[in-house]
Peer 1: 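Have a look at this one before I ask anything.
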Amino acid sequence: QAQLVESGGGLVQAGGSLRLSCAASGRAFSRDTMAWFSQAPGKEREFVAGINWSASSTFYADSVKGRFTISRDNRKNTVYLQMNSLKPEDTAVYYCAADRATIVDTNPAAYDYWGQGTQVTVSS
C-alpha cells in the first residue's frame with residue numbers, strides 16, 4: 001500500500017529552523033510531482049512548495065519564498081522541506097502530497113496521495 005510519512009515537526013522559536021522529511025513507500029514516487037501543504041486551525045489547506053520529479057523545477061508560495069527550500073532524493077524516495085527564519089504565522093500542520101502529473105499544481109485537489117501530517121509550532 002502506497003503511503004507518505006512525514007517527520008521533523010516540532011516546537012521552535014521565531015527565527016529558528018526545522019527540516020521536514022516525507023518518506024514514500026509502497027510504490028516508486030520518483031516520477032511524481034511532490035509538494036508540501038500547510039493547514040492552520042480553522043483555515044483551508046494551503047500550498048507551500050512543490051517540486052517536479054527531476055527536481056529541475058520548484059515553486060513556492062509567496063509567503064515562504066527565500067525562507068523555505070524544497071528538495072528530493074529519488075534514491076531514498078524522500079522529499080524534504082528546509083524551513084528557515086520561521087515565523088509564528090508558519091504554525092500549522094504540514095502535509096506531504098504526491099501527484100502523478102509532471103508539473104507542480106497548487107490546488108490540493110490535484111494530489112493523489114497524502115501523508116498524515118506533522119505539527120510545526122513557532123513561538124514568538
Peer 1: Could you give the distance from OG (Ser7) to CD (Gln116), rounded to the nearest 0.5 Å?
Peer 2: 8.5 Å
Peer 1: To the nearest 0.5 Å, how far apart are CG in Leu81 and CE in Met34?
Peer 2: 12.0 Å
Peer 1: Would you indicate whether Ile103, at its atom CD1, is surrounded by more than 12 heavy atoms from other residues, nucleotides or ligands within a distance under 6.0 Å?
Peer 2: no
Peer 1: What is the distance from atom CD1 of Ile51 to atom OG1 of Thr33, rounded to the nearest 0.5 Å?
Peer 2: 9.5 Å
Peer 1: Would you give the length of the straight line joining atom OG1 of Thr69 to atom OH of Tyr80, rounded to the nearest 0.5 angstrom?
Peer 2: 14.0 Å
Peer 1: Quick one: do Leu4 and Phe29 satisfy side-chain contact (heavy atoms from CB on, under 4.5 Å)? Show the steps, please.
Peer 2: CA-CA 10 Å; Leu4 303 174; Phe29 285 84; 3.9 Å; yes
Peer 1: When rounded to the nearest 0.5 angstrom, what distance separates CZ in Arg67 from OG in Ser85?
Peer 2: 7.0 Å
Peer 1: Determine whether Cys22 and Trp36 make a side-chain contact, defined as any pair of heavy atoms from C-beta on separated by less than 4.5 Å.
Peer 2: yes
Peer 1: Can you tell if the side chain of Glu6 reaches within under 4.5 Å of the side chain of Tyr94, non-hydrogen atoms only?
Peer 2: no
Peer 1: Which residue, Thr118, Val79, Val48, Ile70, forms the side chain to side chain contact (heavy atoms under 4.5 Å, CB included) with Leu20?
Peer 2: Thr118
Peer 1: Could you check, using the six-membered ring where one of them is a Trp, whether Phe37 and Phe47 have ring centers closer than 6.0 angstrom?
Peer 2: yes
Peer 1: Provide the closest heavy-atom pair for Asn84 versus Ser17 in the form atom of the first, atom of the second, distance.
Peer 2: OD1-OG, 2.9 Å
Peer 1: I'd like to know whether Asp90 forms a salt bridge (Lys or Arg N to Asp or Glu O under 4.0 Å) with Lys87, so could you lay out the CA-CA distance, the side-chain angles of the two residues, the decisive distance to 0.1 Å, and finally the verdict.
Peer 2: CA-CA 5 Å; Asp90 295 321; Lys87 304 175 181 180; over 6 Å; no
Peer 1: Would you check if the side chain of Asn52 reaches a backbone N or O of Thr102 as a donor-acceptor pair within less than 3.5 Å?
Peer 2: no
Peer 1: Begin from the C-alpha positions of Gln3 and Val5 and carry the test side-chain contact (heavy atoms from CB on, under 4.5 Å) through to its verdict.
Peer 2: CA-CA 7 Å; Gln3 64 176 348; Val5 179; 4.3 Å; yes
Peer 1: Check this for me, if you would: do Asp32 and Arg72 make a salt bridge, where the nitrogen-to-carboxylate-oxygen distance has to be below 4.0 angstrom?
Peer 2: no
Peer 1: Is it true that the side chains of Gln119 and Thr121 contain a donor and an acceptor less than 3.5 Å apart?
Peer 2: yes
Peer 1: I need the minimum non-hydrogen distance between Ser124 and Pro88, along with the two atoms involved.
Peer 2: CB-CG, 3.9 Å
Peer 1: At their closest point, which heavy atom of Arg45 faces which heavy atom of Pro108, and how far apart are they?
Peer 2: O-CG, 4.3 Å
Peer 1: Find the distance between CD (Gln39) and CD (Glu46) and round it off to the nearest 0.5 Å.
Peer 2: 9.0 Å
Peer 1: Please give me the minimum heavy-atom distance between Ala110 and Asp105, naming the atom from each residue.
Peer 2: CB-OD2, 3.5 Å
Peer 1: Within 45° of the ring axis of Trp53 and under 6.0 Å from its six-membered ring centre, is that where the NZ or CZ of Arg100 lies?
Peer 2: no
Peer 1: How close do Thr106 and Phe59 get, heavy atom to heavy atom, and via which atoms?
Peer 2: CG2-CE2, 3.6 Å
Peer 1: Using every non-hydrogen atom in the two residues, find where Thr58 and Tyr60 come nearest and quote the distance to one decimal.
Peer 2: OG1-CE1, 3.6 Å
